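Down below is the structure, laid out as structure tokens.
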Amino acid sequence: KKKKSKNVGIKGWEGQINSKDAEMYYQQENYQKSAEKWLEALKIYTSMYQKWCLIIGNIGVERCRLKGVEIDAEKPIE
């Protein structure tokens, strides 16, 4: 799915796919992989300046941090 969204240039969908994958990994207790997917999504949302998605993404990252994942970013991504 991710490749198809890239091919047609639907950047927001690519972010949503990463967000979905991040939540799936979180539910599987794979917090490191979840954080990686949230950070990928946040890069996309930042480039599009999607405020609501940035909020959700930062919450996802913080949930992973609370589970012990070390994340380089010290503050929320704006």
Side-chain angles (χ1 to χ4, degrees):
K1 287 184 181 181
K2 190 173 180 179
K3 287 184 180 182
K4 282 187 178 181
S5 66
K6 276 186 177 181
N7 289 341
V8 295
I10 305 172
K11 204 170 191 179
W13 287 7
E14 187 179 342
Q16 291 299 317
I17 291 167
N18 283 317
S19 295
K20 173 206 54 92
D21 289 347
E23 189 58 34
M24 179 191 67
Y25 286 119
Y26 188 89
Q27 295 302 318
Q28 294 173 347
E29 298 182 2
N30 187 343
Y31 305 120
Q32 181 64 46
K33 188 70 172 173
S34 177
E36 290 169 12
K37 289 293 182 178
W38 280 121
L39 291 171
E40 285 180 38
L42 282 169
K43 285 180 189 175
I44 294 165
Y45 297 147
T46 300
S47 72
M48 299 172 62
Y49 201 66
Q50 293 285 327
K51 274 288 208 187
W52 179 245
C53 295
L54 287 169
I55 292 167
I56 298 301
N58 278 301
I59 290 170
V61 168
E62 290 306 315
R63 288 170 58 211
C64 294
R65 193 188 313 261
L66 288 171
K67 293 294 186 177
V69 176
E70 291 187 24
I71 299 167
D72 290 338
E74 291 183 24
K75 63 178 188 167
I77 297 173
E78 298 176 0

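Only a predicted model underlies this, so the values are computations on that prediction, with no experimental measurement involved.
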Would you say Trp52 ends up clustered with Trp38 if hydrophobic residues are merged whenever their side chains have heavy atoms under 4.5 Å apart, either directly or through other cluster members? yes
Got a list of side-chain donor-acceptor pairs under 3.5 Å for residues 28-36, not counting sequence neighbours?
from, atom 1, to, atom 2, distance (Å)
Asn30, OD1, Lys33, N, 3.3
Gln32, NE2, Glu36, OE2, 3.4
Ser34, OG, Ala22, O, 2.7

For Glu70, which residues count as a side-chain contact (heavy atoms from CB on, under 4.5 Å) partner, sequence neighbours excluded? none
Rounding to 0.5 Å, atoms CG (Leu42) and CD1 (Ile55) come to a distance of 11.5 Å
Rounded to the nearest 0.5 Å, what separates atom CG in Leu54 from atom OG1 in Thr46? 4.5 Å
Connected-component partners of Tyr25 among ILVMFWY, side-chain separation under 4.5 Å: Met24
Mind checking the CD-NZ spacing from Glu23 to Lys37? Nearest 0.5 Å is all I need. 14.0 Å
Do the side chains of Glu62 and Arg65 get close enough for a salt bridge, i.e. N-O under 4.0 angstrom? yes
From Ile71 CD1 over to Cys64 SG, what is the distance, rounded to the nearest 0.5 angstrom? 6.0 Å
Begin with the C-alpha distance, continue with both residues' side-chain angles, and end with the deciding distance and a verdict on side chain to side chain contact (heavy atoms under 4.5 Å, CB included) for Lys67 and Tyr26. CA-CA 10 Å; Lys67 293 294 186 177; Tyr26 188 89; 3.3 Å; yes
Interatomic spacing from CG in Asn18 to CD in Gln16 - rounded to 0.5 Å: 9.5 Å
